[in-house]
Amino acid sequence: QLQLVESGGGLVQPGGSLRLSCAASGVNLNYYPIAWFRQAPGKERELVSCISNDNVYTYYADSMKGRFTISRDNAKRTVHLQMNNLKPEDTAGYYCAAPKSFIVGTMCQDYNYNYWGQGTQVTVSS
């Protein structure tokens, strides 16, 4: 059973940076694309970024392009989300997620994500 645990959230001033981490256990991470989602109070959950299982392809939502960078280390079973130039509108709970299985030819943003971590809170405020 795949388990995901996020860390690295916190309170940061506008323009600051945070690095989120997602630690996976229970399976070989090499077979799973990983995504970061976020959800703010009263808003729908949105896909922030995702990365293919082989670290070749990445996806970013438009508002994150140029500010966020996703990366993974399959040997260490971790996926990171480096967030720079943070804005108050980035305030949300951030969750990493994985699908049930790898599907050849499917882009990471097109998966249904079934395994979720407990989330880590990011608050951007002065």
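The first residue in the sequence is number 1, and the count goes up from there. Worth saying up front: this structure is predicted, and the values here are computed from it rather than measured.
At least one side-chain heavy atom of S49 sits under 4.5 Å from a side-chain heavy atom of L81. Counting heavy atoms from C-beta on, the side chains of S21 and H80 come closer than 4.5 Å.
If you chain together ILVMFWY residues whose side-chain heavy atoms come under 4.5 Å of each other, L11 ends up in a group of its own. Applying the 4.5 Å side-chain rule to ILVMFWY residues, one finds F37, Y57, Y59, Y95, F102, I103, V104, M107, Y111, Y113, W116 in the same cluster as L47.
Here the shortest heavy-atom pairing between V122 and L18 reads CG1-CD1, 3.9 Å. Between A40 and A92 the shortest heavy-atom distance is N-CB, 3.8 Å. Closest of all the heavy-atom pairs between K100 and N114 is N-OD1, 2.9 Å. The two residues L4 and A24 make their nearest non-hydrogen contact at CD2-CB, 3.8 Å. Of all the heavy atoms in D90 and R38, the pair that sits closest is OD1-NH1, 2.8 Å. Scanning all heavy atoms of the two residues, the minimum distance from I34 to A98 falls at CD1-CB, 3.7 Å.
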- Task: Please test E6 against W36 for side-chain contact (heavy atoms from CB on, under 4.5 Å), starting from the C-alpha separation and ending with a verdict.
- Result: CA-CA 10 Å; E6 303 92 336; W36 283 96; 3.8 Å; yes
- Task: Report the C-alpha distance between T91 and Q121 in whole Å, list the side-chain angles of each, state the deciding distance to 0.1 Å, and finish with yes or no for side-chain contact (heavy atoms from CB on, under 4.5 Å).
- Result: CA-CA 8 Å; T91 296; Q121 179 66 31; 4.0 Å; yes
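With rounding to the nearest 0.5 angstrom, the CG atom of L86 is 11.5 Å from the CD atom of Q13. Atom-to-atom distance recorded for S63:OG and K87:NZ is 7.5 Å, nearest 0.5 angstrom.
Under the 4.5 Å side-chain heavy-atom criterion for grouping Ile, Leu, Val, Met, Phe, Trp and Tyr, V5 is not connected to I51 through any hydrophobic cluster.
Judged purely by atom type and a 3.5 angstrom limit, N74 uses its side chain to pair as donor or acceptor with the backbone of N53.
Evaluation of the side chain to side chain donor-acceptor pair (under 3.5 Å) rule for Q82 yields N84 as partners, not counting sequence neighbours.
Between D62 and K65, at least one side-chain N (NZ, or NE/NH1/NH2) sits under 4.0 Å from a carboxylate O, which counts as a salt bridge.
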